[in-house]
Q: 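Here it is, the structure, as C-alpha coordinates.
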Amino acid sequence: MSRKLDKNKIAFIHFQPVELYPPAMNLVNYLGEFTTNLILLFTNSLNKEINLTPFSSDLINIEILRQSYIPKNSLLRYYNYLKFYFTAIINLFYYRPSVVIYMESISSLPAIIYKKIFKNVQLIAHYHEYTSPEEYKNGMRLVKWMHQMELKMFHQYNWISHTNSVRLNKFMTDNRLLNLKDSIFHVMPNYPPGNWKKQSKTDDSTILKLVYIGSLGLESSYLREVIAWINKHQESITLDIYSFNIKEDALNLILKCNTGNIRYKGYYNYFEMPDFLKNYHCGLVLYKPETFNYLYNAPNKLFEYLACGLDVLIPDTMLYAQKYINHELIPRVFSIDFMNLENVDIASRLKNRNLPESNSFYISEMVYAEMLNDIQVFQRNIHD
(Lines give C-alpha, C1' and ligand atoms only; values in the text may rest on other atoms or scores of the structure.)
Protein backbone atom coordinates (compact mmCIF):
# COMPACT_ATOMS: atom_id res chain seq x y z
CA MET A 1 0.00 0.00 0.00
CA SER A 2 1.34 3.38 -1.01
CA ARG A 3 1.74 5.78 1.88
CA LYS A 4 2.01 8.97 -0.13
CA LEU A 5 0.13 11.90 1.43
CA ASP A 6 -1.80 14.53 -0.49
CA LYS A 7 -0.17 17.92 0.11
CA ASN A 8 -3.37 19.71 -0.86
CA LYS A 9 -5.74 18.19 1.69
CA ILE A 10 -6.45 19.08 5.32
CA ALA A 11 -8.76 17.02 7.53
CA PHE A 12 -10.62 18.58 10.44
CA ILE A 13 -12.19 16.25 13.02
CA HIS A 14 -14.80 17.65 15.42
CA PHE A 15 -16.95 14.99 17.10
CA GLN A 16 -19.45 17.45 18.57
CA PRO A 17 -21.67 19.29 16.04
CA VAL A 18 -19.63 22.28 14.88
CA GLU A 19 -22.71 24.53 14.95
CA LEU A 20 -22.35 24.56 18.75
CA TYR A 21 -18.68 25.61 18.57
CA PRO A 22 -18.17 28.89 16.65
CA PRO A 23 -14.34 28.70 16.76
CA ALA A 24 -14.49 25.41 14.86
CA MET A 25 -16.67 26.92 12.13
CA ASN A 26 -14.46 30.00 11.93
CA LEU A 27 -11.31 27.92 11.55
CA VAL A 28 -12.82 25.78 8.79
CA ASN A 29 -13.95 28.89 6.92
CA TYR A 30 -10.54 30.51 7.36
CA LEU A 31 -8.64 27.51 6.02
CA GLY A 32 -11.06 27.24 3.12
CA GLU A 33 -10.69 30.91 2.23
CA PHE A 34 -6.94 31.33 2.63
CA THR A 35 -5.74 28.03 1.17
CA THR A 36 -6.44 26.09 -2.00
CA ASN A 37 -6.43 22.87 0.01
CA LEU A 38 -9.46 20.61 0.09
CA ILE A 39 -10.77 21.02 3.65
CA LEU A 40 -12.50 17.85 4.88
CA LEU A 41 -14.68 18.40 7.94
CA PHE A 42 -15.78 15.30 9.88
CA THR A 43 -18.51 16.10 12.42
CA ASN A 44 -21.86 14.94 13.81
CA SER A 45 -25.25 16.41 13.00
CA LEU A 46 -27.22 18.54 15.40
CA ASN A 47 -29.85 17.03 17.64
CA LYS A 48 -33.21 17.40 15.91
CA GLU A 49 -34.51 19.38 18.89
CA ILE A 50 -32.04 22.21 18.20
CA ASN A 51 -33.39 24.36 15.42
CA LEU A 52 -30.12 25.79 14.14
CA THR A 53 -29.14 26.13 10.50
CA PRO A 54 -26.57 23.41 9.70
CA PHE A 55 -23.10 24.78 9.01
CA SER A 56 -22.31 25.07 5.32
CA SER A 57 -19.96 27.02 3.10
CA ASP A 58 -20.06 28.56 -0.36
CA LEU A 59 -16.37 27.75 -0.78
CA ILE A 60 -15.92 24.86 -3.20
CA ASN A 61 -12.87 23.53 -1.35
CA ILE A 62 -14.79 22.78 1.88
CA GLU A 63 -16.40 19.35 2.06
CA ILE A 64 -18.49 18.41 5.10
CA LEU A 65 -18.83 14.72 5.96
CA ARG A 66 -21.54 14.65 8.60
CA GLN A 67 -22.84 11.71 10.65
CA SER A 68 -26.33 11.44 12.13
CA TYR A 69 -27.08 13.30 15.35
CA ILE A 70 -26.06 11.84 18.72
CA PRO A 71 -29.15 10.13 20.26
CA LYS A 72 -30.00 10.10 23.96
CA ASN A 73 -30.39 6.32 24.13
CA SER A 74 -27.14 4.92 25.53
CA LEU A 75 -26.87 1.96 23.15
CA LEU A 76 -27.57 4.14 20.12
CA ARG A 77 -25.07 6.69 21.39
CA TYR A 78 -22.28 4.12 21.46
CA TYR A 79 -23.29 2.94 18.01
CA ASN A 80 -23.01 6.55 16.86
CA TYR A 81 -19.54 6.85 18.41
CA LEU A 82 -18.33 3.73 16.63
CA LYS A 83 -19.90 4.79 13.35
CA PHE A 84 -18.36 8.25 13.54
CA TYR A 85 -14.85 7.01 14.34
CA PHE A 86 -14.95 4.19 11.80
CA THR A 87 -16.24 6.45 9.02
CA ALA A 88 -13.66 9.15 9.81
CA ILE A 89 -10.82 6.60 9.78
CA ILE A 90 -11.94 5.14 6.45
CA ASN A 91 -12.17 8.60 4.90
CA LEU A 92 -8.76 9.61 6.22
CA PHE A 93 -7.22 6.60 4.51
CA TYR A 94 -9.19 7.31 1.36
CA TYR A 95 -8.33 11.02 1.04
CA ARG A 96 -4.80 10.82 2.51
CA PRO A 97 -4.65 14.38 3.92
CA SER A 98 -1.19 15.65 4.82
CA VAL A 99 -2.57 17.58 7.80
CA VAL A 100 -5.09 16.41 10.42
CA ILE A 101 -6.59 18.83 12.94
CA TYR A 102 -8.87 17.77 15.76
CA MET A 103 -10.55 19.59 18.64
CA GLU A 104 -10.83 17.94 22.06
CA SER A 105 -9.83 14.45 23.15
CA ILE A 106 -13.18 12.97 22.12
CA SER A 107 -12.25 13.72 18.49
CA SER A 108 -8.75 12.27 18.68
CA LEU A 109 -9.13 8.56 17.86
CA PRO A 110 -9.23 8.74 14.03
CA ALA A 111 -6.32 11.20 13.98
CA ILE A 112 -4.16 9.05 16.25
CA ILE A 113 -4.78 5.85 14.29
CA TYR A 114 -4.02 7.69 11.04
CA LYS A 115 -0.81 9.09 12.52
CA LYS A 116 0.30 5.61 13.59
CA ILE A 117 0.19 4.51 9.94
CA PHE A 118 1.24 7.72 8.20
CA LYS A 119 4.14 8.82 10.39
CA ASN A 120 4.84 11.96 8.37
CA VAL A 121 1.35 13.49 8.66
CA GLN A 122 1.12 16.83 10.51
CA LEU A 123 -1.01 16.29 13.62
CA ILE A 124 -2.64 19.32 15.26
CA ALA A 125 -4.76 19.33 18.44
CA HIS A 126 -6.74 22.25 19.85
CA TYR A 127 -8.72 22.22 23.08
CA HIS A 128 -11.83 24.34 23.66
CA GLU A 129 -11.53 23.70 27.41
CA TYR A 130 -8.85 22.70 29.90
CA THR A 131 -9.40 19.22 31.39
CA SER A 132 -7.41 18.24 34.46
CA PRO A 133 -5.92 14.74 34.94
CA GLU A 134 -8.52 14.16 37.67
CA GLU A 135 -11.35 15.13 35.32
CA TYR A 136 -10.04 12.74 32.68
CA LYS A 137 -9.74 10.00 35.30
CA ASN A 138 -13.28 10.45 36.62
CA GLY A 139 -14.97 11.37 33.36
CA MET A 140 -16.37 9.37 30.46
CA ARG A 141 -14.44 6.12 30.00
CA LEU A 142 -14.19 6.53 26.25
CA VAL A 143 -12.62 9.98 26.59
CA LYS A 144 -10.31 8.74 29.35
CA TRP A 145 -9.10 5.94 27.06
CA MET A 146 -8.55 8.31 24.14
CA HIS A 147 -6.63 10.72 26.33
CA GLN A 148 -4.35 7.88 27.41
CA MET A 149 -3.65 7.34 23.72
CA GLU A 150 -2.96 11.06 23.34
CA LEU A 151 -0.44 10.96 26.16
CA LYS A 152 1.47 8.19 24.41
CA MET A 153 1.44 10.11 21.11
CA PHE A 154 1.94 13.76 22.15
CA HIS A 155 5.66 13.58 21.35
CA GLN A 156 4.67 13.05 17.69
CA TYR A 157 2.32 16.05 17.54
CA ASN A 158 3.27 19.17 15.59
CA TRP A 159 0.91 21.58 17.34
CA ILE A 160 -1.07 21.67 20.61
CA SER A 161 -3.09 24.77 21.52
CA HIS A 162 -5.42 26.14 24.17
CA THR A 163 -7.56 29.26 24.19
CA ASN A 164 -5.43 31.24 26.64
CA SER A 165 -2.01 31.19 28.29
CA VAL A 166 -3.23 30.14 31.76
CA ARG A 167 -4.97 27.03 30.43
CA LEU A 168 -2.01 26.22 28.20
CA ASN A 169 0.48 26.55 31.06
CA LYS A 170 -1.68 24.29 33.25
CA PHE A 171 -1.77 21.71 30.46
CA MET A 172 2.01 21.94 30.01
CA THR A 173 2.54 21.48 33.75
CA ASP A 174 0.27 18.43 33.78
CA ASN A 175 2.36 16.87 31.01
CA ARG A 176 5.84 18.07 31.98
CA LEU A 177 7.09 14.50 32.50
CA LEU A 178 6.56 13.81 28.80
CA ASN A 179 9.37 16.26 27.98
CA LEU A 180 7.49 17.74 25.04
CA LYS A 181 9.08 20.47 22.95
CA ASP A 182 7.93 23.98 23.89
CA SER A 183 7.72 24.85 20.19
CA ILE A 184 4.61 22.73 19.66
CA PHE A 185 2.54 24.70 22.18
CA HIS A 186 0.41 27.66 21.10
CA VAL A 187 -2.33 29.99 22.34
CA MET A 188 -5.31 30.31 20.00
CA PRO A 189 -8.09 32.52 21.44
CA ASN A 190 -11.72 32.34 20.35
CA TYR A 191 -12.25 35.48 18.27
CA PRO A 192 -15.00 36.19 15.69
CA PRO A 193 -14.34 36.80 11.97
CA GLY A 194 -12.91 40.16 10.91
CA ASN A 195 -15.98 41.04 8.85
CA TRP A 196 -17.95 41.34 12.11
CA LYS A 197 -16.06 44.49 13.04
CA LYS A 198 -18.53 47.36 13.36
CA GLN A 199 -18.20 50.97 14.35
CA SER A 200 -19.66 51.66 17.77
CA LYS A 201 -23.01 53.39 17.68
CA THR A 202 -24.05 56.80 18.91
CA ASP A 203 -27.50 56.32 20.37
CA ASP A 204 -29.55 58.91 22.22
CA SER A 205 -32.12 56.38 23.44
CA THR A 206 -33.23 56.79 27.04
CA ILE A 207 -33.58 53.01 27.29
CA LEU A 208 -30.49 50.94 28.03
CA LYS A 209 -30.75 47.85 25.80
CA LEU A 210 -28.91 44.83 27.21
CA VAL A 211 -28.41 41.49 25.48
CA TYR A 212 -27.18 38.06 26.51
CA ILE A 213 -26.20 35.27 24.11
CA GLY A 214 -25.10 31.72 24.90
CA SER A 215 -25.68 28.86 27.32
CA LEU A 216 -27.59 29.74 30.46
CA GLY A 217 -28.46 28.09 33.77
CA LEU A 218 -29.89 29.64 36.90
CA GLU A 219 -27.33 28.32 39.39
CA SER A 220 -24.32 28.71 37.10
CA SER A 221 -24.98 32.35 36.22
CA TYR A 222 -25.93 35.73 37.67
CA LEU A 223 -29.28 35.68 35.85
CA ARG A 224 -31.34 35.86 39.05
CA GLU A 225 -29.46 38.96 40.24
CA VAL A 226 -29.69 40.71 36.87
CA ILE A 227 -33.43 40.09 36.56
CA ALA A 228 -34.07 41.42 40.08
CA TRP A 229 -32.06 44.55 39.24
CA ILE A 230 -33.80 45.16 35.91
CA ASN A 231 -37.23 44.72 37.50
CA LYS A 232 -36.39 47.69 39.73
CA HIS A 233 -35.58 49.80 36.68
CA GLN A 234 -38.32 48.79 34.26
CA GLU A 235 -38.58 52.25 32.72
CA SER A 236 -34.94 52.47 31.71
CA ILE A 237 -33.51 48.97 31.01
CA THR A 238 -34.42 46.03 28.77
CA LEU A 239 -32.79 42.62 28.40
CA ASP A 240 -33.09 40.19 25.48
CA ILE A 241 -31.74 36.65 25.89
CA TYR A 242 -30.73 34.37 23.00
CA SER A 243 -29.85 30.77 23.82
CA PHE A 244 -30.08 27.29 22.31
CA ASN A 245 -28.81 25.71 25.55
CA ILE A 246 -30.92 27.09 28.37
CA LYS A 247 -31.84 25.12 31.48
CA GLU A 248 -35.46 24.83 32.50
CA ASP A 249 -35.01 26.74 35.76
CA ALA A 250 -33.50 29.72 33.93
CA LEU A 251 -36.19 29.70 31.24
CA ASN A 252 -38.98 29.51 33.83
CA LEU A 253 -37.60 32.52 35.69
CA ILE A 254 -37.43 34.53 32.46
CA LEU A 255 -40.96 33.55 31.41
CA LYS A 256 -42.32 34.63 34.82
CA CYS A 257 -41.28 38.19 34.04
CA ASN A 258 -44.48 39.79 32.78
CA THR A 259 -43.17 43.32 32.44
CA GLY A 260 -42.15 42.96 28.78
CA ASN A 261 -38.64 44.31 29.28
CA ILE A 262 -37.02 40.89 29.84
CA ARG A 263 -37.51 38.57 26.87
CA TYR A 264 -36.32 35.16 25.79
CA LYS A 265 -35.71 35.36 22.03
CA GLY A 266 -34.97 31.67 21.43
CA TYR A 267 -32.30 30.16 19.19
CA TYR A 268 -29.78 32.16 17.22
CA ASN A 269 -27.56 31.31 14.27
CA TYR A 270 -23.98 32.32 14.88
CA PHE A 271 -23.30 34.07 11.58
CA GLU A 272 -26.46 36.17 11.96
CA MET A 273 -25.30 37.67 15.26
CA PRO A 274 -23.89 40.92 13.80
CA ASP A 275 -27.32 41.62 12.27
CA PHE A 276 -29.23 41.50 15.54
CA LEU A 277 -26.55 42.61 18.01
CA LYS A 278 -26.45 46.03 16.33
CA ASN A 279 -29.80 46.72 18.02
CA TYR A 280 -28.27 46.73 21.53
CA HIS A 281 -26.02 48.92 23.66
CA CYS A 282 -24.36 46.40 25.92
CA GLY A 283 -23.66 42.67 26.07
CA LEU A 284 -23.62 40.65 29.28
CA VAL A 285 -21.28 37.88 30.43
CA LEU A 286 -23.13 36.17 33.28
CA TYR A 287 -21.06 33.08 34.15
CA LYS A 288 -20.33 32.27 37.77
CA PRO A 289 -16.71 31.06 37.69
CA GLU A 290 -17.18 27.92 39.75
CA THR A 291 -14.55 25.88 37.89
CA PHE A 292 -10.99 26.46 36.72
CA ASN A 293 -12.20 26.83 33.12
CA TYR A 294 -14.60 29.64 33.96
CA LEU A 295 -12.27 31.32 36.43
CA TYR A 296 -9.59 31.56 33.73
CA ASN A 297 -11.79 32.28 30.77
CA ALA A 298 -12.32 35.02 28.22
CA PRO A 299 -15.50 33.66 26.61
CA ASN A 300 -16.38 33.90 22.92
CA LYS A 301 -19.23 36.28 23.63
CA LEU A 302 -16.89 38.92 25.10
CA PHE A 303 -15.15 39.34 21.75
CA GLU A 304 -18.34 38.88 19.73
CA TYR A 305 -20.00 41.76 21.58
CA LEU A 306 -16.94 43.96 21.12
CA ALA A 307 -16.68 43.16 17.41
CA CYS A 308 -20.28 44.29 16.97
CA GLY A 309 -19.62 47.60 18.74
CA LEU A 310 -21.26 46.81 22.09
CA ASP A 311 -19.94 47.67 25.52
CA VAL A 312 -19.58 44.60 27.75
CA LEU A 313 -20.25 43.82 31.40
CA ILE A 314 -18.18 40.97 32.85
CA PRO A 315 -18.27 39.53 36.40
CA ASP A 316 -15.48 40.74 38.67
CA THR A 317 -15.06 37.10 39.71
CA MET A 318 -13.80 35.97 36.27
CA LEU A 319 -10.10 36.50 36.92
CA TYR A 320 -8.62 36.02 33.45
CA ALA A 321 -11.20 38.25 31.75
CA GLN A 322 -10.15 41.22 33.93
CA LYS A 323 -7.21 41.84 31.56
CA TYR A 324 -9.72 43.15 29.00
CA ILE A 325 -11.17 45.88 31.22
CA ASN A 326 -11.27 49.17 29.33
CA HIS A 327 -13.09 52.37 30.34
CA GLU A 328 -11.33 54.86 28.07
CA LEU A 329 -12.06 53.67 24.53
CA ILE A 330 -15.28 52.39 22.98
CA PRO A 331 -16.50 49.74 22.92
CA ARG A 332 -15.69 49.39 26.62
CA VAL A 333 -15.44 46.48 29.07
CA PHE A 334 -16.64 46.97 32.64
CA SER A 335 -15.99 44.59 35.53
CA ILE A 336 -19.11 44.41 37.70
CA ASP A 337 -20.05 42.93 41.07
CA PHE A 338 -23.25 41.21 39.98
CA MET A 339 -24.11 40.45 43.60
CA ASN A 340 -24.37 44.19 44.36
CA LEU A 341 -25.80 45.75 41.22
CA GLU A 342 -27.65 48.47 43.12
CA ASN A 343 -24.32 49.91 44.20
CA VAL A 344 -23.17 50.36 40.60
CA ASP A 345 -24.43 53.21 38.44
CA ILE A 346 -24.27 51.13 35.29
CA ALA A 347 -26.71 53.05 33.13
CA SER A 348 -24.92 56.40 33.32
CA ARG A 349 -21.51 54.84 32.68
CA LEU A 350 -22.72 52.94 29.65
CA LYS A 351 -24.39 55.93 28.07
CA ASN A 352 -21.28 58.11 28.25
CA ARG A 353 -19.99 57.15 24.82
CA ASN A 354 -18.28 60.37 23.74
CA LEU A 355 -14.91 58.64 23.68
CA PRO A 356 -12.43 57.65 20.96
CA GLU A 357 -12.78 54.32 19.15
CA SER A 358 -10.57 51.47 20.29
CA ASN A 359 -7.85 50.28 17.92
CA SER A 360 -7.85 46.80 19.43
CA PHE A 361 -9.07 44.14 17.02
CA TYR A 362 -9.93 40.72 18.36
CA ILE A 363 -10.50 38.86 15.11
CA SER A 364 -9.98 35.21 14.25
CA GLU A 365 -7.84 35.84 11.17
CA MET A 366 -5.10 37.21 13.41
CA VAL A 367 -4.79 34.04 15.50
CA TYR A 368 -5.40 31.50 12.73
CA ALA A 369 -2.64 32.98 10.58
CA GLU A 370 -0.01 31.39 12.84
CA MET A 371 -1.50 27.93 12.39
CA LEU A 372 -1.84 28.40 8.64
CA ASN A 373 1.79 29.45 8.35
CA ASP A 374 2.80 26.34 10.30
CA ILE A 375 0.74 24.16 7.95
CA GLN A 376 2.12 25.75 4.80
CA VAL A 377 5.73 25.36 5.93
CA PHE A 378 5.04 21.71 6.74
CA GLN A 379 3.36 21.02 3.41
CA ARG A 380 6.21 22.60 1.43
CA ASN A 381 8.68 20.29 3.16
CA ILE A 382 6.80 17.05 2.59
CA HIS A 383 8.88 14.63 0.53
CA ASP A 384 7.08 12.88 -2.28
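Predicted model only: the values in this text are computed from it and were never measured. Hydrogens, waters and symmetry mates play no part in the numbers below; they use all other heavy atoms, side chains included.
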Q: Give the minimum heavy-atom separation between Phe303 and Ala298, together with the two atoms involved.
A: CE1-O, 3.5 Å
Q: Are the side chain of Glu33 and the backbone of Tyr30 linked by a donor-acceptor contact shorter than 3.5 Å?
A: no
Q: Would you call Tyr102 and Glu150 a side-chain contact if the rule is heavy atoms closer than 4.5 Å?
A: yes
Q: Do Met153 and Tyr127 share a hydrophobic cluster, counting only Ile, Leu, Val, Met, Phe, Trp and Tyr and linking them when any side-chain heavy atoms are less than 4.5 Å apart?
A: yes
Q: Do Tyr81 and Phe15 have ring centres separated by under 6.0 Å?
A: yes
Q: Membership question, hydrophobic clusters at under 4.5 Å side-chain separation (ILVMFWY): are Ile60 and Leu40 in the same one?
A: no
Q: Within the distance-only criterion (no hydrogens, no angle test), does the side chain of Asn269 pair as donor or acceptor with the backbone N or O of Leu52 below 3.5 angstrom?
A: no
Q: Will you find, in the side chains of Ser132 and Glu135, an N or O donor that is under 3.5 Å from an N or O acceptor?
A: yes
Q: Could you give the side-chain donor-acceptor pairs of residues 16-24 under 3.5 Å, partners two or more places apart or in another chain?
A:
from: Glu19; atom 1: OE2; to: Phe55; atom 2: N; distance (Å): 2.7
from: Glu19; atom 1: OE2; to: Arg66; atom 2: NH1; distance (Å): 2.7

Q: Return the minimal non-hydrogen interatomic distance between Pro189 and Val367, and the atom names on each side.
A: CD-CG1, 3.4 Å
Q: Should Tyr79 and Tyr85 be regarded as members of a common hydrophobic cluster, given that ILVMFWY residues are connected when their side-chain heavy atoms come within less than 4.5 Å of each other, either directly or indirectly?
A: no
Q: For the aromatic rings, using the six-membered ring if either is Trp, is the centroid distance between Trp196 and Tyr270 under 6.0 Å?
A: yes
Q: List the atom of Asn326, the atom of Pro331, and the distance in Å for their closest heavy-atom pair.
A: ND2-O, 3.3 Å
Q: Go through the steps for Met371 and Ile101 under the test side chain to side chain contact (heavy atoms under 4.5 Å, CB included), then give the verdict.
A: CA-CA 10 Å; Met371 177 185 285; Ile101 304 168; 4.1 Å; yes
Q: Could you state the interatomic distance from CZ (Arg167) to CG (Asn297), rounded to the nearest 0.5 Å?
A: 4.5 Å
Q: Between Ser358 (side chain) and Ile330 (backbone), is there a donor-acceptor pair under 3.5 Å?
A: no
Q: How about CZ on Phe361, more than 12 heavy atoms from neighbouring residues, nucleotides or ligands closer than 6.0 Å, or not?
A: yes
Q: Return yes when atom CD of Glu342 has more than 12 non-hydrogen atoms of other residues, nucleotides or ligands closer than 6.0 Å, and no otherwise.
A: yes
Q: Yes or no on side chain to side chain contact (heavy atoms under 4.5 Å, CB included) for Leu216 and Lys247, after CA distance, side-chain angles and deciding distance?
A: CA-CA 6 Å; Leu216 192 60; Lys247 291 189 176 180; over 6 Å; no
Q: Any sub-3.5 Å donor-acceptor pair from Lys7's side-chain atoms to Ile382's backbone N or O?
A: yes
Q: Would you kindly say whether Ser221 and Tyr212 are connected by a side-chain donor-acceptor distance under 3.5 Å?
A: no
Q: Is there side-chain contact between Ile89 and Tyr114, with heavy atoms separated by less than 4.5 Å?
A: no
Q: Decide yes or no for Leu355 and Arg332: does some side-chain heavy atom of the first lie under 4.5 Å from some side-chain heavy atom of the second?
A: yes
Q: Using atom types as modelled and distance alone, determine if a side-chain donor or acceptor of Lys115 lies under 3.5 Å from a backbone N or O of Lys119.
A: yes
Q: Going through the distances and angles, do Gln322 and Ile325 end up as a side chain to side chain contact (heavy atoms under 4.5 Å, CB included)?
A: CA-CA 5 Å; Gln322 305 305 303; Ile325 293 172; 3.2 Å; yes
Q: Is it true that Asp6 and Arg96 have a side-chain N and a carboxylate O under 4.0 angstrom from each other?
A: no
Q: Looking only at non-hydrogen atoms, find the nearest pair between Tyr287 and Pro299 and report the distance.
A: CE1-CB, 3.9 Å
Q: Do any N or O atoms from the side chain of Thr43 and from the backbone of His14 form a donor-acceptor pair under 3.5 angstrom?
A: yes
Q: Are Tyr362 and Tyr324 near enough that their ring centres are under 6.0 Å apart?
A: yes
Q: Asn37 side chain to Lys9 main-chain N or O, any donor-acceptor pair under 3.5 Å?
A: yes
Q: Is the shortest heavy-atom distance from the side chain of Ile113 to the side chain of Leu92 under 4.5 Å?
A: no
Q: When rounded to the nearest 0.5 angstrom, what distance separates CG in Asn293 from OG1 in Thr291?
A: 5.0 Å
Q: Verify the neighbour count for atom CG of Asn373: are there more than 12 heavy atoms of other residues, nucleotides or ligands below 6.0 Å?
A: yes
Q: May I have the step-by-step check of ring-ring contact (aromatic ring centres under 6.0 Å, His included) for Phe42 and Phe84, ending in yes or no?
A: CA-CA 8 Å; Phe42 306 112; Phe84 177 86; 7.6 Å; no
Q: Any side-chain heavy atom of Thr238 sitting closer than 4.5 Å to one from Arg263?
A: yes
Q: Do Leu313 and Phe334 touch side chain to side chain, with heavy atoms closer than 4.5 Å?
A: yes
Q: Kindly assign one of parallel, tilted or perpendicular to the pair Phe154 and Phe171, based on the angle between their ring planes and the thresholds 30° and 60°.
A: perpendicular
Q: Nearest 0.5 angstrom please: Leu5 CG to Asn120 CG, how far?
A: 4.5 Å
Q: Is it true that Lys288 and Glu219 have a side-chain N and a carboxylate O under 4.0 angstrom from each other?
A: no
Q: Examine the side chains of Asp240 and Tyr280 and answer whether a donor and an acceptor come within less than 3.5 Å of each other.
A: yes
Q: What distance do His126 atom NE2 and His128 atom NE2 have between them, rounded to the nearest 0.5 Å?
A: 6.0 Å
Q: Around Tyr294, counting heavy atoms of other residues, nucleotides and ligands shown, do more than 12 lie under 6.0 Å from its OH?
A: no
Q: Before we go on, tell me: are the rings of Tyr242 and Phe276 under 6.0 Å apart, centre to centre?
A: yes
Q: Distance only, no hydrogens: is a donor on one side chain within 3.5 Å (strictly under) of an acceptor on the other, for Thr163 and Tyr320?
A: no
Q: Is the backbone of Ile10 close enough, under 3.5 Å, to the side chain of Gln122 for a donor and an acceptor to pair up by distance?
A: no
Q: Check the hydrophobic clustering (I, L, V, M, F, W, Y; side-chain heavy atoms under 4.5 Å; chains of links allowed) and say if Leu142 and Ile13 are grouped together.
A: yes
Q: Could you grab the distance from atom CE of Met146 to atom CD1 of Ile106, nearest 0.5 Å is fine?
A: 6.5 Å
Q: State, to 0.1 Å, how close Ile124 and Ile375 come at their nearest heavy-atom pair, and which atoms those are.
A: CD1-CG1, 3.9 Å
Q: Would you indicate whether the side-chain heavy atoms of Tyr191 and Asn26 approach each other to under 4.5 Å?
A: no
Q: Counting C-beta onward and ignoring hydrogens, is there a side-chain heavy-atom pair between Ile246 and Ile254 closer than 4.5 Å?
A: yes
Q: Check the hydrophobic clustering (I, L, V, M, F, W, Y; side-chain heavy atoms under 4.5 Å; chains of links allowed) and say if Leu329 and Tyr305 are grouped together.
A: no
Q: Closest heavy-atom contact between Arg224 and Leu218?
A: NH2-CD2, 3.2 Å
Q: Could you tell me the separation between the CG atom of Asn29 and the CZ atom of Phe34, rounded to the nearest 0.5 Å?
A: 10.5 Å
Q: Does Ile336 form a side chain to side chain contact (heavy atoms under 4.5 Å, CB included) with Leu341? I'd like the steps, not just the answer.
A: CA-CA 8 Å; Ile336 298 296; Leu341 288 170; 3.6 Å; yes
